[in-house]
Amino acid sequence: MAAMATMVAAGCGGVWCRARQRCARWPGPGSRPFLRAQRAVVCNARGGAVSAGKSGLAPWIPVVGLEIHAQISSNSKLFSGSRVQFAAPPNSLVSFFDASLPGTLPVLNRRCVEAAVMTALALNCRINKKSLFDRKHYFYADLPAGYQITQQRVPIAVNGSLSYSLCIDNKMSQMVTKTVRIKQIQLEQDSGKSLHDDTRSQTFVDLNRAGVGLMELVMEPDMCCGEEAAAAVRELQLILQTLGSSQAVMAEGQLRVDANVSVHHPGEPYGVRTEVKNINSIRFLAKAVDYEIQRQIQELGNGGTILNETRAFDSKLGCTVPMRDKEGKQDYRFMPEPNLPPLILYDAKSLPANMNHQQVINIDWIHERLPDLPSVKREKLVEQYGILPEHSFTLLVWQQDQNCNSSQASEDGLAEFFESVVKQTQMKPKKVIGWILNDLLSYLKQHSLTVKESPVSSFLLADLLNLLEKKEISSTAAKRVLAELWKGEGKTPLETVKEHKLELLQDQKELEQICQAVIDGQENEVMAIKAGNRKVLNKLIGLVQKKTQGRSNPVLMNFSVPLCSIVLVGYTSSILKSQPSLDASAKGR
Amino acid sequence: MRVLSLGRWLRAGLVPPRGPASRHSGDRHSGHRPQAPPQGPAQVLLQKVSVEVLEHLEQLALVDFRDSEGVERLQKAIQFADQLHEVNTDGVEPMDSVLEDRCLYLREDDVTEGNCTKELLENARETVEEYFVAPPGNIPLVKLEEQKTYLQGSK
């Protein structure tokens, strides 16, 4: 059917089918609760299998697993005392150990362990009270020792979960919560950086990054498309930033994501997977995953096979290409790190009595001091202020993937800004949120500013909203005032209002006079209204507004001219109904 | 897959195995020597190292076996290490470090090192503007069979 074959262009969505003779059956793997068997299922947000339906095409189930490396936010490196800093002169932040000079030994950084424990607790992992370090061997110029110290046998934490939300149908109004299992979290070293000079056939190596602490988060392949992967990584980013264990800025390499992608038919075993690397932003992650899924389906549909290989995502072309230098399966020859004893963590029960405080990491102590996670913060905002869930998402969401050059979240502090305004104004939070998300946010985005850089402080905005709430200005006037305030000239809202003469006319008489003048000048319209055509009132109201230069509030107009011979009714019919006396035909004209 | 028999290379004939024949009991970790099938009766316990394994080892460890003598040394080393299998380790946790009972020292997160660019670069043969210079990526090794030294040894 044409319907089945069309690609549904909704975000990442697509209908992937392969022509076959038999009808599709729908057992589906048990862990996919969102299957809807009867119609075209778009992969995003609705679950695993991608449809077949009436035309008898067999469905493909894409399987996506992520491996995420998050750079730990610390002053010094994982096993040495050199500084952790982005963009420093090459090889200036390198100690003898980082350069792998003989005679040096690793010394574990306490802060890195705490960061890993915090992250593990936030992701509901089981923390291994005894974890071990191993060496992973491979040769590359940016790995001076020839091995990387990691935790392969017994990592610091296992078996966690990450919950994230997804919008259905690209609308913010319907959100569904999904979970991806975390297989393990381990501490490991970062490698240095290689800059390839292909023209002169050489590589420049900068070891500033070598030895920086990383948390590797291995996720189970519970996701099925690029959108899910992107949403999961966004939520993880937020969590890491909230905890402070990592800044998680993808553009600075503090968060690196590799995707493992495969496809298979329902009921059959998992297909061969490929690993996709070189993904530099969350948007590219979604694109890379979707491209790879499509490529595999096409390849298999044409009778080809998928190689278990590593592919790089080319962001300019929007496709994945095989990577050189990683052909064939690597044999890392894991061996225990002989220079490091096991890492022992304690909790309140097992706390040793006589040990130096500084040498002891107490999991329970850390647990008590965990900040509110984003999901909890969002719930609190919704409960406390009565705003919609999707608004709470926008208040907290991270904007990194919008090619932002600034390393600060533009929404960081938006929630705090909102709460601050709410405290200082009489306007209801439900109305305030509109001003924050529609007006303030659009200004911030337009000028690429963070909340902290906003020329309109929460105090000023609250002041302005108070004027609006007290009906001293109309909402159109308020928007004008905001535009003026944005110039950052230091004037208060009241001063701006006075300067531009934006106050609402409060003088009943003046208003009556103007209304009367308009009525006098529009005989035809008056006749029409008397005859029952209420819509013409809008024209008259418009004329009054023009005369008052926008300083009249239509509703106010209504109430301020009850005795005017012609009814100047507000826009809504409810006002019409609530003023029966105004229904009467002209009196005293 | 060519399997190299050591017979021709060893000057003194067969090397007798050390230790009892019960080495080949079923619960050995056969993963350590993927290419050696269980030998059966005691005497012929020569390890047969295939060319593939040799190539793989050379690539992983960047060791050059060079000629028959090198390979022979490898075979003997494997045999020597095989003696470990004589010990019954059922129910015993492997020890990977003599430090296993020590406390892992935790360092405070202070910056105490770095800023020695000049010293570090002194060791490098080639540097450009404070970067180390390396060849582009990993250069693939010449296949073992094509190496001249290897071919000489196998006559």
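Note on naming: letters A, B, ... go to the chains in the order of the sequence lines (proteins, then strands), and numbering restarts at 1 for each one.
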Heavy-atom contact with chain B under 4.5 Å, split by part of [X]:
X: Ile72(A); answer: neither
X: Phe79(A); answer: backbone
X: Asp142(A); answer: neither
X: Met355(A); answer: side chain

Got a sec: does the [atom1] of [X] have more than 12 other heavy atoms crowding it under 6.0 Å?
X: Arg200(A); atom1: CZ; answer: no
X: Arg83(A); atom1: CZ; answer: no
X: His69(A); atom1: NE2; answer: yes
X: Arg102(B); atom1: CZ; answer: no

Find out whether Phe96(A) and Glu119(B) are in side-chain contact, i.e. whether some heavy atom of one side chain is under 4.5 Å from a heavy atom of the other.
->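 The answer is yes; the side chains approach within 4.5 Å.
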Is any side-chain heavy atom of Tyr131(B) less than 4.5 Å from a side-chain heavy atom of Val205(A)?
->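 Answer no - side chains too far apart.
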For the residue pair Glu100(B) and Pro342(A), what are the closest heavy atoms and their distance?
->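 Heavy atoms of Glu100(B) and Pro342(A) come nearest at O-CD, 3.7 Å.
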Who wins among Gly114(B), Cys103(B), Ala134(B) for the most heavy-atom pairs under 4.5 Å with chain A?
->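 Answer, by heavy-atom pair count under 4.5 Å with chain A: Ala134(B).
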Interface moiety of [X] toward chain A, non-hydrogen atoms closer than 4.5 Å:
X: Ser97(B); answer: side chain
X: Glu126(B); answer: side chain
X: Asn123(B); answer: side chain
X: Asp110(B); answer: backbone

I need the residue from [options] with the largest number of non-hydrogen atom pairs under 4.5 Å to chain B.
options: Ser92(A), Ser95(A), Gly146(A); value: Ser92(A)
options: Ser74(A), Pro90(A), Ser82(A); value: Pro90(A)
options: Gly81(A), Ala99(A), Pro338(A); value: Gly81(A)
options: Val84(A), Val94(A), Ile361(A); value: Val94(A)
options: Val360(A), Leu343(A), Leu93(A); value: Leu343(A)

Check against side-chain contact (heavy atoms from CB on, under 4.5 Å), Leu340(A) and Leu104(B) | CA-CA 7 Å; Leu340(A) 293 170; Leu104(B) 176 54; 3.7 Å; yes
Hey, could you give me the [atom1]/[atom2] distance between [X] and [Y], rounded to the nearest 0.5 Å?
X: Glu108(B); Y: Ser76(A); atom1: CD; atom2: OG; answer: 9.0 Å
X: Asp109(B); Y: Asn109(A); atom1: CG; atom2: CG; answer: 4.0 Å
X: Ile344(A); Y: Leu106(B); atom1: CD1; atom2: CG; answer: 10.5 Å
X: Arg107(B); Y: Gln359(A); atom1: CZ; atom2: CD; answer: 11.5 Å
X: Arg110(A); Y: Tyr105(B); atom1: CZ; atom2: OH; answer: 11.0 Å
X: Leu120(B); Y: Leu207(A); atom1: CG; atom2: CG; answer: 8.0 Å

